[in-house]
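Everything on this sheet refers to the single structure shown next.
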Number of protein chains: 2
Amino acid sequence: MTTKNRIINSAIKNFLVFGYEKTSLSLIASEVGIKKPSIYYYFKNKEELFIFSINHILDSVEQEIINSIKKVDTSKLMLESIFTCMIEFNSNLSLLIGNDYNKPINILNLFHLARNRFSSLSERIDNYYNFLETTILNIIKIGQNNNKIRKDLDDKSLAIKIIAWFEGLFMLSTIYSSFNINTIRQSFYDNMWKMISCENEYIPPKKEKKGFFKNKSKPKTISLGTKW
Amino acid sequence: MTTKNRIINSAIKNFLVFGYEKTSLSLIASEVGIKKPSIYYYFKNKEELFIFSINHILDSVEQEIINSIKKVDTSKLMLESIFTCMIEFNSNLSLLIGNDYNKPINILNLFHLARNRFSSLSERIDNYYNFLETTILNIIKIGQNNNKIRKDLDDKSLAIKIIAWFEGLFMLSTIYSSFNINTIRQSFYDNMWKMISCENEYIPPKKEKKGFFKNKSKPKTISLGTKW
DNA sequence: GTCTATACGCAGATAGAC
DNA sequence: GTCTATCTGCGTATAGAC
């Protein structure tokens, strides 16, 4: 592994854990086992190192998603493989960070900072989400054509919704300690599929008239009490 | 408005836009129209000011959610009012930031930083999500009892999923410029309700046998091509 | 390529006058 | 309560030797 690569690795690690400002070049240098001025031999400044790191992460995750989709051939499995891929990419980043840091990692955070600070990264991140959106949209269309995904759901807005769902889960797992993504990932995906797919076997309740929900009849008052 | 309140307002504003490190006390002071050492009269240090600000935000949003739920009486409207409340709280923060900054705000970012840095905030944020989770869970239970929300969806995991969904939308709107939350908020909610509610009028396709999806029969190969 | 030495600026924070 | 003046530390970045 070249010095340059070791610098990049350490940079990604520290940017993920501490953010941009709090990551110091001295820290990166000491982790790599060189002195601070040596970093300037490879990168013009901190900004260039950061931009390089983020681009590197985005290139990798896009490539992994493309590869993983190719291995399966149903819309259900394709969506699942994107989901798995995103989770595993996250896990790999966690691994990169190592056991020393047991703080949750949050790549979205870094993306947000990257966007605000550097316009070139703003474009790159848009490209990434554009790629995700188009990919998922196409999978949905295939699923709808094959009668596997509900046609009453608008494809375009469903695509965005799925992305938001995935990202929201990652986000939540880093800011809500009671929530562990690994314990629910399978049930989450199954449940999501249940909602969007034609395999839905829900049988409407028989005690209510079918028109009930459409009427503007005043529903029973539901006490929210103080219990919760 | 007291000096202390003006400091807090400016602090929230700057922490939201620039994050913790990049927000300097000199900047806050100059915005408020005082000198830096005056801040130390009200707050022990930068850390205390930050912790105070985050607690202030969380208290406000919790209160707004509690108030907004009380005004409606069906599970559909309750969920919708939580969603609306979260969106409006976000808009209010945008307003606070003012037109000068047209960068998207992202409160989740700040929560993540807060968690990692200060353990008292870590607890406070957990409390907030616990509150959200319990509130939504109870609404779901009411909805399921009244045959308005699908009973084949697990209530507890649905609650988490809804939170992830909302937060994911906010997150996405700040890191994906093609996506504007305001243009899709109503269709998003309607669509979500379509997925979780008993009002689902989806009719399974007639050309396929019902057992088709359950068989492990090899599906047609779907070419992903290079077009996308 | 990697180092030592060092410039420079700005951050958080304090002392003490008014 | 608010200020001026000042301390201290650490960050990015550069010059130039080896």
Side-chain angles (χ1 to χ4, degrees), chain A residues 1-56 100-101 103 109-110 113-121, chain B residues 1-56 101 103 109-110 112-121:
Chain A
M1 209 177 191
T2 64
T3 305
K4 187 174 183 180
N5 280 331
R6 296 215 312 282
I7 293 173
I8 294 164
N9 248 357
S10 169
I12 291 176
K13 181 169 152 179
N14 285 293
F15 284 138
L16 277 169
V17 178
F18 302 114
Y20 183 73
E21 333 287 344
K22 195 76 175 166
T23 294
S24 73
L25 297 181
S26 336
L27 181 65
I28 294 176
S30 82
E31 267 192 10
V32 173
I34 56 174
K35 298 293 170 186
K36 196 164 51 168
S38 300
I39 296 177
Y40 286 89
Y41 176 77
Y42 298 99
F43 298 95
K44 208 180 76 193
N45 50 27
K46 190 180 179 180
E47 174 177 335
E48 194 179 280
L49 174 57
F50 180 72
I51 292 176
F52 193 97
S53 303
I54 297 290
N55 276 318
H56 182 76
D100 348 2
Y101 310 87
K103 291 171 187 173
N109 237 311
L110 217 51
L113 184 142
R115 276 201 76 92
N116 277 3
R117 198 72 63 87
F118 309 111
S119 63
S120 75
L121 287 179
Chain B
M1 209 178 191
T2 64
T3 305
K4 188 174 183 179
N5 280 331
R6 296 215 313 282
I7 293 172
I8 293 164
N9 248 357
S10 170
I12 291 176
K13 179 170 153 178
N14 285 293
F15 285 138
L16 278 169
V17 179
F18 302 114
Y20 184 73
E21 331 289 343
K22 196 75 176 166
T23 294
S24 73
L25 298 181
S26 335
L27 181 66
I28 294 175
S30 83
E31 267 193 11
V32 173
I34 55 174
K35 299 293 171 186
K36 194 164 54 167
S38 299
I39 296 177
Y40 286 89
Y41 177 78
Y42 298 98
F43 299 95
K44 208 180 76 195
N45 49 28
K46 190 181 181 181
E47 174 178 336
E48 194 179 279
L49 174 57
F50 180 73
I51 292 176
F52 194 97
S53 303
I54 297 292
N55 276 318
H56 182 76
Y101 309 89
K103 293 171 184 173
N109 238 311
L110 217 51
H112 184 251
L113 184 142
R115 276 201 75 92
N116 277 2
R117 199 72 64 87
F118 309 111
S119 63
S120 76
L121 287 178

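Nothing here was measured: the structure is a model prediction, and the numbers come from that model. The figures here come from the full heavy-atom set of this structure, side chains too, leaving out hydrogens, waters and symmetry mates.
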Rounded distance in Å - [atom1] ([X]) to [atom2] ([N]):
| X | N | atom1 | atom2 | answer |
| --- | --- | --- | --- | --- |
| A/Leu25 | D/dG11 | CG | P | 9 Å |
| B/Ile34 | D/dC3 | CD1 | P | 7 Å |
| B/Glu21 | C/dC10 | CD | C1' | 14 Å |
| A/Phe15 | D/dG11 | CZ | C1' | 13 Å |
| B/Arg117 | C/dG12 | CZ | C1' | 14 Å |
| B/Lys22 | D/dG11 | NZ | P | 15 Å |
| A/Lys46 | D/dG11 | NZ | P | 9 Å |
| A/Ile28 | D/dT12 | CD1 | C1' | 12 Å |

Please state whether the phosphate of [N], meaning OP1 or OP2, lies under 4.0 angstrom from any side-chain nitrogen or oxygen of [X].
| X | N | result |
| --- | --- | --- |
| A/Thr3 | C/dG1 | no |
| A/Tyr40 | C/dG1 | no |
| A/Ser38 | C/dG1 | no |

Query - Closest approach of A/Val17 to B/Asn116 (non-hydrogen atoms, all atoms of both residues) - result: O-ND2, 4.2 Å

Tell me which nucleotide among [options] gets nearest to the side chain of [X].
| X | options | answer |
| --- | --- | --- |
| A/Tyr41 | D/dG11, C/dG1, C/dA13 | C/dG1 |
| B/Lys35 | C/dT4, C/dA13, D/dT4 | D/dT4 |
| B/Pro37 | D/dA13, D/dG11, C/dA15 | C/dA15 |
| B/Ser26 | D/dT12, C/dT2, C/dG12 | C/dG12 |

Report task. Indicate, with a heavy-atom threshold strictly under 4.0 Å, whether B/Thr23 touches base, sugar-phosphate, or nothing. Result -> sugar-phosphate

Report task. Return yes if the base of C/dG12 and the side-chain atoms of B/Lys36 contain a donor-acceptor N/O pair under 3.5 Å, otherwise no. Result -> yes

**Report entry** Exam field: side chain A/Ser10 to backbone A/Ile7, donor-acceptor pair closer than 3.5 Å
**Finding:** no

Query - B/Thr3 and B/Ser38: CA distance, side-chain angles, deciding distance, side chain to side chain contact (heavy atoms under 4.5 Å, CB included) verdict - result: CA-CA 10 Å; B/Thr3 305; B/Ser38 299; over 6 Å; no

Query raised in the report: Honestly, is B/Lys4 close enough over B/Tyr41, meaning NZ or CZ under 6.0 Å from the six-membered ring centre and within 45° of the axis?
Result: no

Query raised in the report: Under the 6.0 Å and 45° cation-pi test, does B/Lys46 pair with B/Tyr20?
Result: yes

